[in-house]
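As the structure lists them, so they are numbered: ligands from 1, and atoms in each ligand from 1. All figures in this text were calculated on a predicted structure; none of them were measured in a lab.
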Amino acid sequence: MKLYSVKMRASKNNSHISGAEKIIGKPALAAAVTAMTKRALEHSLGEADFINLKIEAAAKEDITVLPALPVSSCKSDTVDGSIKVIEAKLRELDISDPQKIISLLQNCCHMRGAILYDIYTGTRMEPDPIRGVRVTYMDSCLDTQSIINKNHFYEALVLATKVAHAPGMVAELCISDDPNYTTGYLASLKHGYLRLAPVKKYGSSHGGRIFIFDSSKTSVGRLIDYLEKAKILVSGIDTSYFPKQSVTEYAQCSLAQLKKQQLYRTMTVIDTPQNKNITVQQKPLLLFSSNDYLDLANHPDVKQAAAAAALAWGAGTGGSRLTTGTNGLNTLLETKLAEFKGTEAALLFNTGYTANLGVISALADKDTVIFSDEYNHASIIDGCRLSKGTTVIYKHNDMADLEAKIKNTAFSKGIIVSDSVFSMDGDIVNLPAITALAKKYTLFTIIDEAHATGVIGQTGRGAVEYYGHTCHPDLIVGTLSKALGSEGGFVCGSRLIIDYLANKARSFIFSTSQNPAAIGAALKSLELITASCEPVRSLQHNVSYFKQALSGAGIKTTGETAVIPVIIGNEQTALQIAAELYAAGFMVSAIRYPTVPEKTARLRIALMSSHTEQELQNLAGSIKKAFLKHGLLS
Ligand SMILES: *Cc1c(COP(=O)(O)O)cnc(C)c1O
């Protein structure tokens, strides 16, 4: 395989901040360039304003592979102890004045290159005594793709191995000029790579590198030529020297961090089925945070249907839909869902989450640009990340921004994807504008109706009905687990797109199909919603009633649906208010970063069709009381 030498040098205000080099194969080249550029732009010393990247092909014959010097360590109690060891080792190499060489380094600081010291004449020979002699064109044979942090030991070992093999070289001595780093090394073919600590006092910025050579064995020109130009790969590096962190330790640190930021989350065990009235540790609570908007999860007919489906079809399906997992139940539900949403066809997924993953990653290839609302649900974000397309985020429901971004982006295939009802803000997508833009610029449209199905539109059919059937997205994603009270995800669209997804959506193909009970329940829920729009109407009444109650109490909200956000801002205050409401008998979620942007922590109130006007009034009153207490209302 052909190899390439890649070198990066970065500076800021004309002063060096970072450098790196590699000798690697073609497949790793682009990633290495990206990583080096990133390193230069995100360096702790500042963002580089000048990056010099040099890439050269290197013929295999021009590269010498050298075995890494064997590594050993020597720890002393004092700096003097280490210096004595160095002196003794240098004498073993027939160097008569080791103290002179060591003191050269002890008085040196901030040299970019190394001192070149000739033991034959006892003089320094580097052509530029300020800069020193540099060593380049070297790397290890290790696969270093995944090395994120620069490892000083490993880089030093590569350099020391190259230097030790230079013509006329006797030894190299290195004392770092980094004030925080007191480990140094002595390297030679005779002694290998000897790590020494401590070689200087902590906090001292004196140090550098010295190459000790013998001019009776080589010319200075030949030596410098080797150091600067010979291409060397070092094999056999012992990777146990890489600093290691256990994954458990990493997890522990992450959790501690979350707790410090008040972002640590725990699970509340609810003792009763999902109903507006629940108990937690025997405390009765009125539930205002469930997505079971139409009270179907615990509906007697729905439970009965789940049980009947399990009895008739079993507890599981034993395979994915394309193997043994397709039965009459899932195909019937698909037909009913397509009917309900007014599309040609539908396809079931295990959850709404995996529906978004599968749909977006299947539809967007590398030539696709996905325009995604900044407040889209995490499953849409993850679908975009999983796809090979490019994601362009537009401002929340801002059609001018969306159009500007479409105009400013060169793409062959494009998709607009948006929540239909936004899950944390409860507002509704501007579907007429989105479909008009899609038509104008030839884009495919996807809306996610997780919080819209059973909630908006006169009969709960979602955004298309809400907008009076004047506009139609290309694809609707939905969930069976919110207003439909069951579990599962689905998509509705044209027969062609559904066929495509059944063949291409990996979360559909490689996962066992849903259990019959979930499907039986969803079929019954759909039947109930279609038979009577009473629950939907009751939910919609509660939405307008509660919004009025809030505004009567002087509290603002942007919600237009069953999701009503009350923005508090501060994470801690949001948690406190939720706790106070809890004490007063209301279960309301406090939603924080990362679910919503930082400093927009909020109460997220979810309404159900069964909440009474009195209950809604009581909640509004309690929120007002908490707001007054925390100085959020005057
Ligand atoms: C809840 C939700 C999902 C995920 O649906 P599940 O069936 O719970 O996995 C997807 N999209 C949006 C907008 C949601 O609110």
Undergrad: What are the atoms of ligand 1, with element, lying closer than 4.0 Å to any heavy atom of A450?
TA: 2 (C), 11 (N), 12 (C), 13 (C), 14 (C), 15 (O)
Undergrad: Measure the distance from atom 4 (C) of ligand 1 to every protein heavy atom, then report the residue, atom name and distance (to 0.1 Å) of the closest one.
TA: Y353 N, 3.5 Å
Undergrad: Give the atom numbers and elements of ligand 1 that come within less than 4.0 Å of a heavy atom of T351.
TA: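 Atoms satisfying the 4.0 Å criterion: 7 (O), 9 (O).
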Undergrad: Could you check whether S412 and D367, counting side-chain N and O atoms only, form a donor-acceptor pair closer than 3.5 Å?
TA: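 No - no donor-acceptor pair under 3.5 Å links their side chains.
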Undergrad: Got a donor-acceptor contact below 3.5 angstrom from the T326 side chain to the R321 backbone?
TA: yes
Undergrad: What is the closest protein heavy atom to atom 6 (P) of ligand 1, and at what distance does it sit?
TA: G352 N, 3.3 Å
Undergrad: Just checking, any donor-acceptor pair under 3.5 angstrom between side chains of T479 and S481?
TA: yes
Undergrad: Under a 4.0 angstrom heavy-atom cut-off, which atoms of ligand 1 come close to S423?
TA: 15 (O)
Undergrad: Under 3.5 Å, is there a donor on one side chain and an acceptor on the other for Q614 and N618?
TA: yes
Undergrad: Enumerate the atoms of ligand 1 whose separation from the nearest heavy atom of H451 is less than 4.0 angstrom.
TA: 14 (C), 15 (O)
Undergrad: If hydrogens are left out, which of D448, L484, L480, I380 has an atom nearest to atom 11 (N) of ligand 1, that is, the closest non-hydrogen atom?
TA: D448
Undergrad: Side-chain donor-acceptor pair under 3.5 Å between H451 and Y293, yes or no?
TA: yes
Undergrad: Pick one of side chain, backbone, both or neither for how K482 approaches ligand 1, counting any non-hydrogen atom pair under 4.0 Å.
TA: side chain
Undergrad: Any donor-acceptor pair under 3.5 Å linking the side-chain atoms of D295 with those of S609?
TA: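 Per modelled atom types, S609 and D295 side chains form a pair under 3.5 Å.
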Undergrad: How many angstroms lie between atom CG of L581 and atom CG of L286, to the nearest 0.5 angstrom?
TA: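 Here the interatomic distance stands at 11.0 Å.
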Undergrad: Closest non-hydrogen protein atom to atom 8 (O) of ligand 1, residue and atom name please, with distance?
TA: S481 OG, 3.5 Å
Undergrad: Quick check on contacts: which atoms of ligand 1 are under 4.0 angstrom from a heavy atom of S379?
TA: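 By the 4.0 Å cutoff, the relevant atoms are 10 (C), 11 (N).
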Undergrad: Flag the pair F340 / F490 as yes when their ring centroid distance falls below 6.0 Å, and as no otherwise.
TA: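 No: the rings miss the under 6.0 Å criterion.
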Undergrad: Closer than 4.0 Å to some heavy atom of G488 - which atoms of ligand 1 meet that?
TA: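 Counting from 1, the qualifying ligand atoms are 7 (O).
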Undergrad: Would you mind running through ligand 1 and noting each atom that sits below 4.0 Å from a heavy atom of D419?
TA: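 Those of ligand 1 that fall under 4.0 Å from D419 are 13 (C).
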Undergrad: Closer than 4.0 Å to some heavy atom of T479 - which atoms of ligand 1 meet that?
TA: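 Those atoms are 5 (O), 6 (P), 7 (O).
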Undergrad: Determine the minimum heavy-atom distance between S387 and S361, stating which atoms define it.
TA: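 Answer, listing the atom of S387 first, then S361: CB-CA, 3.6 Å.
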